[in-house]
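Atoms within each ligand, like the ligands themselves, are counted from 1 in listed order. Positions are given from 1, in the same order as the sequence printed here. Reckoned from all heavy atoms, side chains included, excluding hydrogens, waters and symmetry mates.
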Amino acid sequence: MKKKVVLMLPVYNEERIIEDSVNTLHEYMKNNIIFDWKIVIVNNGSTDKTSKISKNLQKKYKNIDYVEIEKKGRGNALRESWKNYDADIYSYCDCDLATDISQLRELFDSIDRGANISTGNRYKKDSQTRRTLTRLITSKTYLFLIKILFNTKVSDFQCGFKAIDKKTKDDIVTITKDNDWFFDTELLLLAEREGYNIAQIPVTWTEKRIKDSKVRVIPASLNNLINLIKLKRRISK
Ligand SMILES: Nc1nc2c(ncn2[C@@H]2O[C@H](COP(=O)(O)OP(=O)(O)O)[C@@H](O)[C@H]2O)c(=O)[nH]1
Ligand SMILES: [Mg+2]
């Protein structure tokens, strides 16, 4: 039997891009993915036309689902929506398609070959990354702090491009606590600590719609910092 893949697309007020992104993703998956796949748009509380557009996309394509999660936050949306699907490979990708989706196939294949988690990495030798200086500095400082606090081989945590096998998801996602942006980091650090193996996939990454980003960099960075310290204490116990 073919393996099943679910790809979550977390969205919040994405009326401007969601339709194009879903069409692009659908076309890619149809032509490149041999698994039994499904794309799930996961919305919480968008106040624009995201919900309406998503429902139309769901009607248009049989492999597209739409779910609404009440409580806000990207981490919570991913954790909760994964619970509703039975699959062999669970994954997600940011809706602005900042990560070149041509690497999605490798993201799934690496799990099929035995990795427990695969994650896009913007800083590998073969990666290409175009981003603003502010975001680059924030990202590198964050990495530097992680390296001081944790013994880790991972060198990019926050890339919204990840896949995880069923067992690892059942073991690790259930012990993650963050509901927002720290979820990505928490997932990787906890899995690595439990001995799961993590494949880092070089990606081409282009920062999209900088002004429209849903991340407020300063509060999110402070929050990540507090969360890193909390996680360190939690793990040390
Ligand atoms: N479900 C859900 N998705 C969210 C939420 N906040 C942001 N997102 C989505 O998370 C993804 C990443 O956001 P983005 O603004 O591209 O982050 P950036 O690339 O780091 O600037 C996008 O697909 C957003 O629509 C939220 O509260 N809930
Ligand atoms: Mg983005």
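Taking only non-hydrogen atoms, the option from W205, Y12, Y92 nearest to atom 6 (N) of ligand 1 is Y12.
Counting non-hydrogen atoms of neighbouring residues, nucleotides and ligands closer than 6.0 angstrom, the CZ atom of R130 reaches no more than 12 such neighbours. For K49, the NZ atom counts as loosely surrounded, since its 6.0 Å shell holds 12 or fewer non-hydrogen atoms of other residues, nucleotides or ligands.
Protein heavy atom in closest approach to atom 17 (O) of ligand 1: V215 CG2, 3.5 Å. For atom 2 (C) of ligand 1, the nearest non-hydrogen atom of the protein is N44 OD1, 2.9 Å. Here the heavy atom of the protein found nearest to atom 19 (O) of ligand 1 is D96 OD2, 3.8 Å. What sits closest to atom 13 (O) of ligand 1 on the protein, heavy atoms only, is W181 CH2, 3.5 Å. Protein heavy atom in closest approach to atom 27 (O) of ligand 1: K72 NZ, 2.4 Å. Nearest protein heavy-atom neighbour of atom 9 (C) of ligand 1: P10 O, 3.4 Å. Among protein heavy atoms, atom 11 (C) of ligand 1 sits closest to D94 OD1, 3.3 Å. Atom 14 (P) of ligand 1 has its closest protein heavy atom at R209 NH2, 3.4 Å.
The minimum distance between the Mg ion (ligand 2) and any N, O or S atom of D96 involves atom OD2.
The existence of a salt bridge linking E19 and K60 is excluded, since no basic side-chain nitrogen approaches an acidic carboxylate oxygen closer than 4.0 Å. A salt bridge links D171 with K167: the distance from a Lys NZ or Arg NE/NH1/NH2 to an Asp or Glu carboxylate oxygen falls below 4.0 Å. The residues D94 and R74 are annotated as salt-bridged, a charged nitrogen and a carboxylate oxygen being separated by less than 4.0 angstrom.
A heavy-atom separation below 4.0 Å is not found between A98 and ligand 1. Residue contact check for ligand 1: K208 places no non-hydrogen atom closer than 4.0 Å to it.
V154 and E192 make their closest contact through N-OE2, 3.9 Å (heavy atoms, listed as atom of the first residue, atom of the second, distance).
At a heavy-atom cutoff of 4.0 Å, ligand 1 is contacted by both the backbone and the side chain of R74. When non-hydrogen atoms are compared, ligand 1 lies under 4.0 Å from the side chain of R135 (C-beta onward) but not from its backbone. With a 4.0 Å cut-off on non-hydrogen atoms, A77 touches ligand 1 through its side chain and not its backbone.
Residue S213 places at least one N or O, backbone or side chain, under 3.5 Å from an N or O of ligand 1.
Exactly one residue among V40, N44, N43 makes a side-chain contact (heavy atoms from CB on, under 4.5 Å) with V67. That residue is V40. Each of D156, T129, T99 was scored for a side-chain hydrogen bond (donor to acceptor under 3.5 Å, both in side chains) with W205, with one residue passing: T99.
Y92 and L57 fall into different hydrophobic clusters, where Ile, Leu, Val, Met, Phe, Trp and Tyr residues are linked whenever their side-chain heavy atoms come under 4.5 Å apart, directly or through other members.
Contact atoms of ligand 1 toward E14: 22 (C), 23 (O), 24 (C), 25 (O) (distance under 4.0 Å to a heavy atom of the residue). Per-residue contacts place C95 under 4.0 angstrom from the following atoms of ligand 1 (heavy atoms of the residue considered): 22 (C), 23 (O).
Ring planes of H26 and Y61: parallel class, angle under 30° (limits at 30 and 60°).
No side-chain donor-acceptor contact under 3.5 Å links D100 to the backbone of T204.
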